[in-house]
Q: 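Attaching a single structure in structure tokens format; questions to follow.
Values reported hereafter were calculated over all heavy atoms of this structure, with side chains retained and with hydrogens, waters and symmetry mates removed. Letters A, B, ... are given to chains in the order of the sequence lines, protein chains preceding strands, and every chain is numbered from 1.
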Amino acid sequence: MITYLEAIRLAQQKALATDPRVFLYGQDIASFGGAFKATKNLSKEFPGRVFDATLSEDAIVGMAIGAAIEGMRPIVEMQFADFSTCGLNQIVNHAATLYYRTGVPCPIVVRLPSGGTSGGGPFHSQSMEALYAHYPGLVVVTPATVEDAYTMLFDAVALDDPVIFCEHKFLYNHLKAESLPETSLPIGKARLARTGRDATIVTHGAMLHESLAAATELAEEGFELEIVDLRSVKPLDTDTILASVARTGRLLCVSEEWPWGGVTSEVIARVSAEGFGLLDVAPMRVNAKDTPVPYHPDLWSVHRPTASTIAAAARRLLLS
Amino acid sequence: MITYLEAIRLAQQKALATDPRVFLYGQDIASFGGAFKATKNLSKEFPGRVFDATLSEDAIVGMAIGAAIEGMRPIVEMQFADFSTCGLNQIVNHAATLYYRTGVPCPIVVRLPSGGTSGGGPFHSQSMEALYAHYPGLVVVTPATVEDAYTMLFDAVALDDPVIFCEHKFLYNHLKAESLPETSLPIGKARLARTGRDATIVTHGAMLHESLAAATELAEEGFELEIVDLRSVKPLDTDTILASVARTGRLLCVSEEWPWGGVTSEVIARVSAEGFGLLDVAPMRVNAKDTPVPYHPDLWSVHRPTASTIAAAARRLLLS
Amino acid sequence: MPKTSAAVTQADYIKAYRIMLLSRVLEEKLASLYRAGMIKGGVFLGRGQEALSVSVGIHLHRGDIFAPLIRDQAGRLAFGDTVLDTLRTYLGSQLGSMRGRDGNIHRGRPRDGYYAMISHLGAMIPAVSGGLFARRLKGERGVVGATCIGDGGTSTGAFHEGLNAAAVEKLPLVVVIANNQYAYSTPNSRQYACADLLDKAAGYGVVGHKADGTNLLDCLQTLRRAVQNARGGGGPQLVVADLLRLVGHGEHDDGQYVDPKLKASPLGGDCLVIAEHHILEQKWATAEEHAVWRREVETEVNSTADRVRREPPPDPEEDDWAALSCPEYREQYATS
Amino acid sequence: MPKTSAAVTQADYIKAYRIMLLSRVLEEKLASLYRAGMIKGGVFLGRGQEALSVSVGIHLHRGDIFAPLIRDQAGRLAFGDTVLDTLRTYLGSQLGSMRGRDGNIHRGRPRDGYYAMISHLGAMIPAVSGGLFARRLKGERGVVGATCIGDGGTSTGAFHEGLNAAAVEKLPLVVVIANNQYAYSTPNSRQYACADLLDKAAGYGVVGHKADGTNLLDCLQTLRRAVQNARGGGGPQLVVADLLRLVGHGEHDDGQYVDPKLKASPLGGDCLVIAEHHILEQKWATAEEHAVWRREVETEVNSTADRVRREPPPDPEEDDWAALSCPEYREQYATS
Ligand SMILES: Cc1ncc(C[n+]2csc(CCOP(=O)(O)OP(=O)(O)O)c2C)c(N)n1
Ligand SMILES: Cc1ncc(C[n+]2csc(CCOP(=O)(O)OP(=O)(O)O)c2C)c(N)n1
Ligand SMILES: [Mg+2]
Ligand SMILES: [Mg+2]
């Protein structure tokens with residue numbers, strides 16, 4: 001069985017093996033294999049292609065940008081997504097503006113181990129997809145399955161533009177697959193993770209699995225929920241969302257991020273603006289609470305959406 | 001006549017005069033009076049209370065946080081909003097989490113000279129309110145009038161929580177008022193900038209004035225637009241917005257920021273979720289284009305919303 | 001203020017040693033609670049760094065500012081933190097200073113000058129500087145602020161900006177670099193290229209001090225001098241202590257990447273053992289007295305742990321879920 | 001690679017001087033276009049810094065990497081930038097390298113190793129380092145990368161992180177600090193506390209060089225040595241040149257805060273005038289020849305400016321408004 005984490009490792013392995021322009025750069029990723037072991041053995045397998053970085057997120061991203069200008073395809077690992085705030089300036093103001101300003105694309109991939117886990121606390125749990133999606137010039141992806149972790153990372157490396165790769169730590173060892181696909185939906189396309197006629201849940205990342213569990217719960221009550229896994233939040237596949245809402249007439253957006261200006265508000269804004277007539281009732285959203293992510297497992301499990309809070313919201317939506 | 005810029009200067013003067021805990025910290029703000037002269041003469045008037053900082057945004061905010069812990073009320077000036085990305089980590093991960101984590105509030109004000117001006121280009125034009133509003137623990141305000149620039153800055157200093165004060169550079173010398181009010185709406189309350197029955201425009205900052213101009217244009221065509229000036233984008237005064245939409249049935253959100261996850265998407269998401277039945281037609285939005293802010297004046301004036309693009313959108317909304 | 005620091009006495013040494021011992025025993029307890037699955041997230045220990053850390057905390061007064069980092073359990077205890085609050089924070093007790101909202105090393109009581117670190121390394125340097133700046137503005141004299149960082153942390157922009165700003169303001173700041181040879185798995189050879197981290201002091205225009213991190217006496221003397229210099233108006237002080245992290249980065253890590261040569265070198269000495277030997281050699285205490293000390297701290301740690309484990313966890317229903325202190329500015333979202 | 005650099009010849013000096021002269025005349029033109037309202041935003045000149053800047057650009061080869069900063073018009077021209085593209089970028093011409101999307105000093109041609117600075121100071125240091133790192137990975141040898149920064153820029157975290165990372169990788173990077181005594185209005189006394197910015201070199205473990213920024217010969221010699229050291233495998237080189245900004249921060253600023261004592265000191269000398277005198281004294285050219293040089297550059301600058309002013313501005317209707325290179329990933333918004 002291949003875990004989500006192993007899929008990320010294998011995608012990097014494949015990228016290194018097939019594209020000489022690829023190299024890996026990040027803290028503790030060489031002989032140690034990374035804080036989560038996402039690069040385990042790669043430095044041995046690809047000597048001179050995997051480098052330990054200094055404790056300098058700004059320099060890490062800046063170095064990757066320079067290397068990309070020279071035609072390389074760096075994959076950068078942030079030790080936790082939360083530390084990318086220290087490299088944010090280079091990401092949003094340098095990598096993201098390079099093509100627009102100079103016509104030279106900036107093919108870097110920044111891997112962000114994202115999202116909450118038990119005991120992670122305020123600084124090792126953040127979901128930063130909305131922050132990066134707000135800025136023009138970045139592609140922001142949020143794989144929710146082992147298959148997507150693999151194919152989307154490989155595809156991200158092939159892309160000429162900077163990609164923020166939000167991989168979810170909660171899924172690292174939690175998700176497993178029998179085998180890995182050779183191809184898949186391209187970046188930018190959402191996927192129907194479950195079909196149903198009664199309401200559409202739009203979600204991404206770890207919340208896909210909470211939403212699927214909620215749908216199972218609701219199915220026992222006779223409701224069929226359709227679930228759209230966004231896969232990438234920028235670009236956002238409005239067409240697939242609208243097509244689903246056209247079928248169901250009801251929309252629930254679920255995300256582990258903070259609510260203000262997050263994926264849920266962007267999705268609801270688009271559906272309301274572009275598919276107003278498709279909505280039978282008011283769209284709803286379920287987000288994390290608007291506080292830092294708490295440390296204690298009991299607080300954490302209430303802070304983020306779960307199958308049961310999603311199911312409760314879905315029930316309200318279905319009865320409205 | 002008092003300009004918007006002078007109002008900001010006077011608010012700081014009043015804060016320094018009335019509260020011994022207040023001090024100012026930022027690049028070139030002491031004897032030079034700041035890049036925009038928002039602190040002109042204050043270092044002379046308040047010796048030992050206005051300090052030139054090193055070229056170190058992270059340290060500037062970090063110092064302000066420490067001073068706030070010790071009971072002071074620092075007002076920090078970023079030379080341009082765009083450079084706050086270099087201090088973002090301290091803002092979103094330190095200032096914004098302090099109260100939640102430790103119970104000790106963090107009363108700092110970070111002034112961000114925001115928004116586009118002719119020839120400003122990609123790095124001197126950004127509107128960063130959405131970035132900060134996404135994070136829990138911050139109050140984010142966007143004064144659009146001389147009066148608000150004055151009262152909201154003074155109120156921001158009095159607030160126990162960190163405030164991101166997005167002052168608009170385009171308005172600095174453009175807006176003038178006869179006199180300054182003693183009191184005003186509190187932070188967190190939106191204001192009806194114009195009443196009308198046909199549609200609601202929700203906007204903030206420099207876009208208020210473009211929207212007002214659009215409303216004047218539309219009035220000549222017989223349409224009466226109501227305009228809500230948000231004043232603060234976090235907290236967002238959903239009640240005032242909903243009350244207006246209840247009267248007009250039509251919503252157009254206008255913002256100079258980039259669209260993805262910006263104020264317009266948050267407002268539309270809230271109105272759709274909480275006031276779905278109030279909407280007669282699909283809500284619309286007008287934003288800046290999803291690229292860096294261009295340098296050439298001709299590109300810039302098409303990149304951001306203007307009275308005429310807002311009027312055009314309003315016409316479509318009214319006829320839909 | 002005297003220019004030369006008063007000598008470290010036997011009493012000072014023993015006081016410091018006993019805090020080190022308490023810290024070591026407490027950390028062993030934390031490790032065992034972690035292994036038992038009772039602490040979630042991670043446990044990060046200061047084993048091998050107690051001599052340095054205690055020397056920082058012990059030279060600070062009430063009214064000073066201290067922002068400890070990952071491996072400063074000993075310094076925290078010396079500055080007034082308690083076994084009780086340490087355990088409460090690790091176990092996420094409702095009654096701890098962080099009320100379960102934050103945990104492990106991310107704890108403090110800012111109102112008491114004991115700042116609560118954020119994870120982002122380097123960030124506490126400007127924060128302590130700002131605290132000192134505020135004290136100066138308020139007319140307080142003789143205050144010192146200290147903060148610790150690792151070899152890895154010196155590579156952050158925050159370290160640089162913070163130390164530079166403190167130097168420009170000539171603040172009474174003591175920055176202590178625990179050069180434990182690794183940042184997580186990254187050896188110094190991949191972290192910096194200067195001959196010695198002390199070479200950085202001149203580049204900031206601050207006073208530099210070197211200490212042998214395995215030697216309690218040297219740490220005490222060096223920190224006494226540095227703190228007194230700062231207190232006396234000498235501006236920022238940069239202390240670099242060489243030592244070795246005698247444990248994994250966290251308790252999830254066996255640290256097998258650590259070079260055996262380093263372990264075998266003088267850097268690999270255990271400061272606690274060395275100090276114990278010194279006390280016995282100097283006949284400042286007998287082996288029996290020492291055994292009593294250890295039993296005392298073990299009793300304190302164990303009984304406190306038992307007590308905290310019976311305390312209620314934070315109740316999500318009771319929590320106000322408020323990131324802002326002003327209730328009127330808290331946001332309402334139409335979310336579940 | 002020779003360890004000692006070849007001497008700077010008369011021809012080298014004159015070549016450099018003539019680029020300085022071109023730069024000065026071009027910048028005067030930019031200032032007048034700004035005053036006439038034809039350039040929007042700002043104009044930031046390198047007056048007084050031409051000797052240093054040209055010395056950087058002139059020692060780089062095709063295939064090297066150069067990331068100039070605010071005051072590097074002379075260095076840009078030496079590296080191959082043109083009067084034409086400078087004017088096009090300032091005037092926002094459609095035909096300029098930035099196509100009106102970015103302007104003034106924010107220009108470059110990254111594909112030619114000529115990186116386009118972003119405003120955030122310090123950011124170009126890791127970018128050039130990354131470029132050099134890539135070249136090394138690709139097996140290229142003998143490449144050098146250079147970038148410039150001000151006294152103020154040394155206070156950024158980016159400067160520190162970038163230079164440190166370059167030192168760890170021992171990259172052939174030359175970082176040139178134009179210590180022009182002010183960052184905008186902020187004097188060095190409020191910017192750093194070290195005795196000399198050169199004291200920073202040891203803290204990074206890089207070679208330090210000092211130059212007299214008012215003296216072209218010294219700048220040429222120093223940069224030649226630094227660039228050759230880097231090219232020869234000596235790792236990062238830090239060059240600190242002392243001089244004075246002989247103009248406001250930008251053309252909107254009269255710089256009246258500059259200390260008159262500094263202006264009157266040797267630091268306040270105008271490198272262009274000093275070099276001109278040197279040439280005349282050395283009889284490397286007559287006053288008449290010099291006058292011809294000046295007329296030539298004036299003609300070039302004026303005629304190019306006239307040409308560019310007739311060029312079309314960017315057409316918003318024609319622009320694809322694309323921040324991403326891959327068309328399929330461009331977002332569509334239901335906005336007007
Ligand atoms: C800005 C930032 N980047 C990354 C991390 C993740 N991280 C936590 S501890 C650590 C290693 C720290 O090494 P060092 O500073 O030498 O301290 P030590 O652990 O050796 O005491 C890293 C990389 C962090 N906390 N902050
Ligand atoms: C990170 C960052 N903060 C603030 C600014 C605004 N700014 C532009 S130039 C400048 C002064 C630069 O001084 P210095 O580095 O000495 O260069 P000089 O202008 O003297 O050549 C400042 C503060 C900036 N560009 N980048
Ligand atoms: Mg270390
Ligand atoms: Mg300068």
Q: Quick one: which of D:Gly100, D:Ala123, D:Gly42, D:Ala158 has the most heavy-atom pairs under 4.5 Å with chain B, could you say?
A: D:Gly100

Q: If you count heavy-atom pairs under 4.5 Å between each of B:Ser118, B:Ala30, B:Gly121 and chain D, which one has the most?
A: B:Ser118

Q: Whether D:Arg47 and D:Glu28 form a salt bridge (side-chain N of Lys/Arg under 4.0 Å from carboxylate O of Asp/Glu) is what I want to check.
A: yes

Q: Below 4.5 Å, heavy-atom pairs only: which of D:Ile39, D:Thr186, D:Asp102 has the largest tally toward chain B?
A: D:Asp102

Q: Can you name the nearest heavy-atom pair linking B:Cys253 to B:Val267, along with the distance?
A: SG-CG1, 3.5 Å

Q: Just say parallel, tilted or perpendicular for the rings of D:Tyr257 and B:Phe32, cut-offs at 30° and 60°.
A: perpendicular

Q: Any salt bridge linking B:Arg315 with B:Glu217? Criterion: basic side-chain nitrogen under 4.0 Å from a carboxylate oxygen.
A: yes

Q: What part of D:His106 lies closer than 4.5 angstrom to a heavy atom of chain B: side chain, backbone, both or neither?
A: side chain

Q: Which atoms of B:Asp58 come close to chain D, meaning under 4.5 Å heavy atom to heavy atom: side chain ones, backbone ones, both, or neither?
A: neither

Q: Is it true that B:Glu210 and B:Arg304 make a salt bridge, defined as a side-chain N closer than 4.0 Å to a carboxylate O?
A: yes

Q: Does any backbone or side-chain atom of D:Arg330 lie under 4.5 Å from a heavy atom of chain B? Answer side chain, backbone, both or neither.
A: neither

Q: What option among D:Asp319, D:Thr156, D:Asp151, D:Ile118 has the most heavy-atom pairs under 4.5 Å with chain B?
A: D:Ile118

Q: Under 4.5 Å heavy-atom distance to chain D, tell me which part of B:Gln79 shows up: side chain, backbone, both or neither.
A: side chain

Q: What part of D:Ser189 lies closer than 4.5 angstrom to a heavy atom of chain B: side chain, backbone, both or neither?
A: neither

Q: When heavy-atom pairs shorter than 4.5 Å are enumerated against chain B, which of D:Asn104, D:Leu91, D:Asp253, D:Leu121 gives the highest number?
A: D:Asn104

Q: Go through the atoms of B:Ser31 and report whether side chain, backbone, both or neither lie under 4.5 Å from a heavy atom of chain D.
A: neither

Q: Centroid-to-centroid, B:Phe80 to B:Phe123, below 6.0 Å?
A: no

Q: Out of B:Leu252, B:Asp290, B:Thr85, return the one with the most heavy atom pairs under 4.5 angstrom to chain D.
A: B:Asp290

Q: Contact part of B:Thr117 toward chain D, heavy-atom cut-off under 4.5 Å: side chain, backbone, both or neither?
A: neither

Q: With a 6.0 Å cut-off (strictly less than), is the heavy-atom count around CD of B:Glu221, excluding the residue itself, greater than 12?
A: yes

Q: Against chain D, label B:His303 side chain, backbone, both or neither, depending on which of its atoms sit under 4.5 Å from a heavy atom there.
A: both

Q: Which of the residues B:Asp52, B:Asp82, B:Thr54, B:Leu299 is involved in the greatest number of heavy-atom pairs with chain D at under 4.5 angstrom?
A: B:Leu299

Q: Sort B:Ala35 into side chain, backbone, both or neither according to what part of it lies under 4.5 angstrom from a heavy atom of chain D.
A: both

Q: In terms of heavy-atom pairs under 4.5 Å with chain B, which of D:Gly103, D:Ala323, D:Gly150 leads?
A: D:Gly103

Q: Go through D:Arg101, D:His120, D:Gln191, D:His252 and name the one with the most non-hydrogen pairs under 4.5 angstrom from chain B.
A: D:His120

Q: Ignoring hydrogens and angles, tell me if any N or O in the side chain of D:Ser53 forms a donor-acceptor pair with the backbone of D:Gln49 under 3.5 Å.
A: no

Q: Determine whether the aromatic ring centres of residues D:Tyr115 and D:Phe66 are separated by less than 6.0 angstrom.
A: no

Q: Determine the interplanar angle of the B:Phe170 and B:His168 rings, folded into 0 to 90°, and report it as parallel if under 30°, tilted if 30 to 60°, perpendicular if over 60°.
A: perpendicular

Q: If you count the non-hydrogen atoms of other residues, nucleotides and ligands that lie under 6.0 Å from NZ in D:Lys263, is the total more than 12?
A: yes

